[in-house]
Amino acid sequence: MREKTDLRNPPGADPRSGGNWRFYNARMPPIPDRPSLEGLDERWSAVWDADETFRFDRSRTRAEIFSIDTPPPTVSGSLHVGHVLSYTHTDTVARFQRMRGREVFYPMGWDDNGLPTERRVQNYYGVRCDPHLQFDPDFVAPDKPGKEVVPISRPNFLELCARLVAEDEKAFEKLWRRLGLSVDWSMTYTTIGREAQRTSQLAFLKNLARGEAYQADAPTLWDVDFRTAVAQAELEDRETAGAYHALRFHKADGSGDLLIETTRPELLAACVAVVAHPDDDRYQALFDTEVTTPLYGARVPVVAHRLADPEKGTGIAMICTFGDTTDVTWWRELQLPTRAIVGADGRLKSDAPETLSAAGAEAYAEIAGKTVKQAQKVVVEQLRTSGELDGDPRPITHPVKFYERGDRPLEIVTSRQWYIRNGGRDPELRAALLARGREVNWIPAYMRARYESWIEGLTGDWLISRQRFFGVPFPVWYRIDADGNVLRDEPLLAPEDALPVDPSTDAPPGYTEDRRDRANGFTADPDVMDTWATSSVTPEIATGWASDPDLFARTFPMDLRPQAYDIIRTWLFSTIVRSHFEFDTVPWAHAAISGFVLDPDRKKMSKSKGNVVVPMEWLEKYGADAVRYWAANGRPGTDTAFDEGQIKIGRKLAIKILNVSRFVLTVSEGAGEDRSVVTHALDRSMLAELAALVDDTTAALDQFDYARAIERTERFFWSFCDDYVELVKGRAYGVAGDEAARSAQAALRIALSHLLRLFAPFLVYVTEEAWSWWREGSIHRVSWPEAGELRLDGADPLVFTVAADVLGAVRKEKSEQKRSLATPVDRVVVRDTEHRLAALDAARSDVRDAGKIAGDVETEIGPELLVKVELAPVTDA
RNA sequence: GGGCGUUUAGCUCAGUUGGGAGAGCGCCUCCCUUACAAGGAGGAGGUCGGGGGUUCGAGACCCUCAACGCCCACCA
């Protein structure tokens, strides 16, 4: 059959009308006899790369462009199926928009700065950054961690970070390419890269100039292991074992004792007051008097505050500086003194607070230098001995605040930090940011509730400085006066045109390097920005705000922010904050929120549970299209169970697409796609249903509902394969004459062309492969189907439906009789409504042919479909 | 304590103007039919979480309760 090809396609025939133009294109593979998925992924991703299929054309105008604020994955972790899920979602949208005619701005970023990378480098090489060490140009990183952790200088450490992330990024890109993400790889950025640093520093300086960023000395949540401040957004509560300890405070007038329960007796020395609710009758007499602390004999006032809960413990609490965030509130609102005893290393300071009695100071000496945990044991023993512990501690479990990456409970330590206002202490700004949230189109809509409840619960501004190394430094220095004092309140700012700067190696304007860290000189701000402070300007980084005004004008504000719901309070919120300040606008029109991947038992996947699925294994086992199929069925915002079964179905679908494409192209070889030859009612009926499908999926994808789109397309596709193709197969082969054959052939090709394009955003490789068998160029650059051209005059969707119903009834009879589907049928009687019988009449010969019905299909009018089938008798042959 | 989501066949889930209870997997039966046996055809299986209401009619709309999951919260 294949050798007829050149006869049917004389030179000069329009290859676009369905001819076998592959003869004119050396790269076109012939249609394989047995289509297979093997090697498709690699072959086509190489072609896309070579042809720059997904290159962004920056000459297009803003209205023609669809720009995507891609989430930069943290490269120090490993990519897991959760990434595959959400990045596939975004890619389907990108490919749809591209086919709809938008020029898609779809860069990839790598989030490589920050603590996760530092931690990975520490573990990978067995090193630790000591900023006091000098750069060692001859330093050679160990191949693997030694027994002792090797302290290395900051520049050496940063070099190792850069080296490791470069390797990680290569592996990530490889996976993304295999998955078939249609990003323009020439636009990739990294969050530690020069452009990101320049953008972050510029945005910070502008925030500072407008008063949106500021420095403050204040109690902050502090991770004692990482020795850095931590922002509210990075907190998580963990149920932790603790105990109520009833401590015996002494009334100052000697009239007796006062029992106060606490879970943190080790902080007793830091007690600055005790507090009860202003309406609590039990303590009215005590307000404005003083009590003496047990063990330490310090005199502290009894104060009233609404946050004291009469129901908790004895209804009266001790206020320490600082045991928890409520202490901070009390301290601030009641203007209490500060007696901090926990240091940045999580150990009790060596010096006792001055207010302790002499005996108290001795008691304190026993806990100085200990960790809070060790100190608690000692203090409890001391209290027991002094008789000031009432009864035994009562064990409880209670939520305690942890840094999300940390291992020990957070302490509260006073330190000087940089902040950006976020509405945490400014009702007007809070309202403005809530309003911004309503400007964004949330997908799904209910995800906005998370954004709003986060803003409503903010307790302070956004702490952006971290006492770490592999991050964007603050472009700030401080003068040192003649006496060697660092003048913190007079920062020296980097000029904008000098950005990015590293104040630890660059000197501020007007100074030379020899004045660093000396009297009458300068010193660098030692901190780096938190990773979210950089991530919050990903739209600005990606669109070239700081360096490419032309690109920026064409791509910002962006169209789409895709991300998962867990970082609404961090990435999404902070991005809106920055854009609100800088541009007085939202950064993007749509926020498409993905869910998480659960293991097959619907448990959250995590490394510690050992149920993490490595994506590359599945890509290699079933092919990228199969994995993408699974991902595309995960609905927006909804958690999706990892399901190998679904991937297998995706693989089956992919193979089916190749096979049916092969069949359609083979049976219709030489036919065109001229709608005017589609004269047969069944063919026109099928195309009418296809038109409805195009409308449905287009509307769904316009609303980012990729799951609905693929589900509908798949449903139609199977009915197309099982029913339509079977019904018209004989006619397409020519059993009913040339005109009838041409109608079927053209309809088959038109339907295939449309179905391949409807599947293209999802099953990117097989659609490209099948497309290449008969069309020039990438399917991913052709236009999305239009329903209008499928709607032919007088087409009745019912014809296809009824014909398929009757064919199904015939099959059912054969199945129930345990006969082959090839069994001839002697007689068929269809009873149905007049309307449906009329529809059937239009496809009568196709039904007879597909059902192997020897006689005519008899009909009689009835209330509903009832088919009587008489099979040919069994023969002994 | 406040909020959001989910609850449909054994499993994973569709069901978008209220009128047929559905798909795939799994299970059972059958079939090598000239695109496809790493296929194909067919079957069994559900008082749509409970209760109330609106309606000629509710899986879908309203009220209420429950279970599960998640987010937020000043958790001594």
Side-chain angles (χ1 to χ4, degrees), chain A residues 31 33-37 237 239-240 242 244-245 260-264 267 274-275 305-309 312-320 323-330 396 398-401 444 446-459 565-566 568-569 595-596 598 600 602 604 633-635 637-641 643-646 648-649 651-653 655-667 696 699-700 703 705 707-708 711-712 714-715 718 721-722 725-726 729 733 807-823 850 852 864:
Chain A
I31 303 178
D33 290 336
R34 202 167 186 295
S36 149
L37 301 181
D237 286 350
E239 282 296 326
T240 307
Y244 279 120
H245 301 73
I260 294 183
E261 291 202 311
T262 177
T263 55
R264 302 207 59 185
L267 295 182
V274 299
V275 63
H305 193 276
R306 63 190 152 75
L307 289 183
D309 183 353
K312 284 224 174 72
T314 56
I316 187 161
M318 69 173 189
I319 302 173
C320 303
D324 61 28
T325 51
T326 317
D327 281 342
V328 177
T329 307
W330 281 326
I396 53 157
H398 61 151
V400 174
K401 289 196 190 309
Y446 61 74
M447 282 295 172
R448 199 182 80 206
R450 297 197 180 208
Y451 174 83
E452 296 187 341
S453 68
W454 174 251
I455 291 180
E456 283 157 4
L458 287 170
T459 56
Y565 57 66
D566 60 325
I568 288 174
R569 70 182 191 175
F596 268 65
L598 308 175
R602 299 206 68 78
K604 210 170 190 174
N633 275 288
R635 305 192 101 72
T638 306
D639 288 346
T640 304
D643 185 352
E644 185 173 359
Q646 281 296 113
K648 287 181 180 169
I649 296 165
R651 182 179 172 86
K652 196 172 132 176
L653 174 63
I655 293 171
K656 190 80 174 181
I657 287 172
L658 292 180
N659 277 316
V660 81
S661 297
R662 175 178 127 78
F663 172 74
V664 167
L665 294 178
T666 306
V667 78
D696 193 351
Q703 297 165 52
D705 195 349
R708 180 186 172 96
E711 194 245 332
R712 298 308 156 98
E714 187 189 3
R715 180 184 301 183
W718 284 108
C721 292
D722 296 345
V725 169
E726 292 303 326
K729 191 182 273 181
Y733 276 131
L807 179 60
V810 172
R811 285 174 181 151
K812 178 174 172 176
E813 184 64 23
K814 292 178 180 176
S815 242
E816 286 176 348
Q817 303 272 340
K818 307 198 174 181
R819 304 285 296 277
S820 159
L821 290 181
T823 306
K852 307 273 190 285
E864 56 184 11

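Residue numbers begin at 1 in each chain, while the letters A, B, ... track the order of the sequences.
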Legend entry - Residues that S36(A) engages under side-chain contact (heavy atoms from CB on, under 4.5 Å), provided they are two or more places apart: E38(A)
Inset, instruction - For K729(A), enumerate each residue passing the side chain to side chain donor-acceptor pair (under 3.5 Å) test, keeping only those at least two apart in sequence or located in another chain. - result: E726(A)
Inset, instruction - Using the C1' atom as the reference point in each nucleotide, state the distance between A37(B) and C30(B) in Å, no decimals. - result: 14 Å
Inset, instruction - Nearest whole angstrom, please: distance from the C1' of G15(B) to the CG of D696(A). - result: 12 Å
Legend entry - Rounded distance in Å between the P positions of G69(B) and U12(B): 15 Å
Inset, instruction - Would you mind classifying the nucleic acid contact of S453(A) as base, sugar-phosphate or nothing, using non-hydrogen atoms under 4.0 angstrom? - result: sugar-phosphate
Inset, instruction - Determine the interatomic distance between C1' on G39(B) and the same-named atom on A44(B); round to the nearest Å. - result: 23 Å
Legend entry - Between P of C72(B) and CG of D566(A), the distance in whole Å: 10 Å
Legend entry - Distance (rounded to the nearest 0.5 Å) between I396(A) CD1 and T240(A) OG1: 10.0 Å
Legend entry - Test side chain to side chain contact (heavy atoms under 4.5 Å, CB included) applied to T325(A) and T459(A), step by step: CA-CA 9 Å; T325(A) 51; T459(A) 56; over 6 Å; no
Inset, instruction - Would you check, one step at a time, whether the test side chain to side chain contact (heavy atoms under 4.5 Å, CB included) holds for D639(A) with Y565(A)? - result: CA-CA 10 Å; D639(A) 288 346; Y565(A) 57 66; 2.7 Å; yes
Inset, instruction - Identify whether any heavy atom of G323(A) sits under 4.0 Å from a base atom; if not, whether one sits that close to sugar-phosphate; answer base, sugar-phosphate or nothing. - result: nothing
Legend entry - Spacing of the C1' atoms in U47(B) and C4(B) (rounded, Å): 30 Å
Inset, instruction - Please tell me which of the listed nucleotides, C72(B), A41(B), G40(B), lies nearest to the side chain of W718(A)? - result: G40(B)
Legend entry - Contacts of type side-chain contact (heavy atoms from CB on, under 4.5 Å), residue L307(A), not counting sequence neighbours: H305(A), T326(A), T329(A), W330(A)
Legend entry - Spacing between Y565(A) atom OH and U6(B) atom P, to the nearest angstrom: 13 Å
Inset, instruction - Determine the interatomic distance between C1' on A38(B) and the same-named atom on G43(B); round to the nearest Å. - result: 24 Å
Inset, instruction - Indicate for each nucleotide in nucleotides 31-36 of chain B, in 5' to 3' sequence, whether protein heavy atoms under 4.0 Å reach the base (B), only the sugar-phosphate (S), or nothing (-). - result: S-B-BB
Legend entry - By salt bridge (Lys or Arg N to Asp or Glu O under 4.0 Å) - contacts of R264(A) (at least two apart): E266(A), E411(A)
Legend entry - Residue list, side chain to side chain donor-acceptor pair (under 3.5 Å) with E452(A), at least two apart or on another chain: R448(A)
Legend entry - Distance, C1' atom - from G24(B) to C61(B), rounded to whole angstrom: 30 Å
Legend entry - Stems involving RNA chain B, each a run of at least 3 consecutive Watson-Crick or G-U pairs under 3.5 Å: B:1-7 with B:66-72, B:10-13 with B:22-25, B:27-31 with B:39-43, B:49-53 with B:61-65
Inset, instruction - Could you walk me through whether K401(A) and D237(A) pass the side chain to side chain contact (heavy atoms under 4.5 Å, CB included) test, one step at a time? - result: CA-CA 5 Å; K401(A) 289 196 190 309; D237(A) 286 350; 3.5 Å; yes
Legend entry - Between C1' of G15(B) and CZ of R635(A), the distance in whole Å: 10 Å
Legend entry - Nearest-Å distance for atom pair NZ/P, residues K814(A) and G43(B): 15 Å
Legend entry - Integer angstrom distance from the C1' of G46(B) to that of G15(B): 15 Å
Inset, instruction - Using side chain to side chain donor-acceptor pair (under 3.5 Å) as the criterion, list what pairs up with E456(A), not counting sequence neighbours. - result: none
Inset, instruction - Find the distance E816(A):CD to A41(B):C1' and express it as a whole number of Å. - result: 11 Å
Inset, instruction - Let me know which of I657(A), L658(A), V664(A), N659(A) forms a side chain to side chain contact (heavy atoms under 4.5 Å, CB included) with S661(A). - result: I657(A)
Inset, instruction - Given side chain to side chain contact (heavy atoms under 4.5 Å, CB included), test T262(A) with Y244(A) step by step and report yes or no. - result: CA-CA 5 Å; T262(A) 177; Y244(A) 279 120; over 6 Å; no
Where do N or O atoms of nucleotides 18-25 of chain B meet protein N or O atoms at under 3.5 Å, pair by pair?
| from | atom 1 | to | atom 2 | distance (Å) |
| --- | --- | --- | --- | --- |
| C25(B) | OP1 | K652(A) | NZ | 3.2 |

Legend entry - Counterpart residues, side chain to side chain donor-acceptor pair (under 3.5 Å), relative to D696(A) (two or more places apart): R708(A), R712(A)
Legend entry - Residues forming a side-chain contact (heavy atoms from CB on, under 4.5 Å) with E711(A), sequence neighbours excluded: R715(A)
Legend entry - Nearest-angstrom distance from the residue atom CD of Q817(A) to P of G43(B): 14 Å
Legend entry - Pairwise 5' ranking along RNA chain B for L458(A) and A809(A), keeping only the more 5' one: A809(A)
Can you tabulate the close N/O pairs, meaning under 3.5 Å, that link protein atoms to atoms of nucleotides 74-76 of chain B?
| from | atom 1 | to | atom 2 | distance (Å) |
| --- | --- | --- | --- | --- |
| C74(B) | O2' | T326(A) | OG1 | 3.3 |
| C75(B) | N3 | D237(A) | OD2 | 3.3 |
| C75(B) | N4 | D237(A) | OD1 | 3.2 |
| C75(B) | N4 | D237(A) | OD2 | 3.3 |
| C75(B) | N4 | K401(A) | NZ | 2.0 |
| A76(B) | OP1 | D324(A) | OD2 | 3.1 |
| A76(B) | OP2 | H398(A) | ND1 | 3.0 |
| A76(B) | O3' | E261(A) | O | 3.1 |
| A76(B) | O3' | T262(A) | N | 3.2 |
| A76(B) | O3' | T263(A) | N | 2.8 |
| A76(B) | O2' | E261(A) | O | 2.3 |
| A76(B) | N6 | D309(A) | N | 2.4 |
| A76(B) | N6 | D309(A) | O | 2.9 |
| A76(B) | N1 | D309(A) | N | 3.0 |

Legend entry - Side-chain (K814(A)) to main-chain (L821(A)) donor-acceptor, under 3.5 angstrom: yes
Legend entry - Nearest-Å distance for atom pair CD/C1', residues E456(A) and A73(B): 11 Å
Legend entry - Whole-angstrom distance between A60(B) and U17(B), as gauged at atom C1': 11 Å
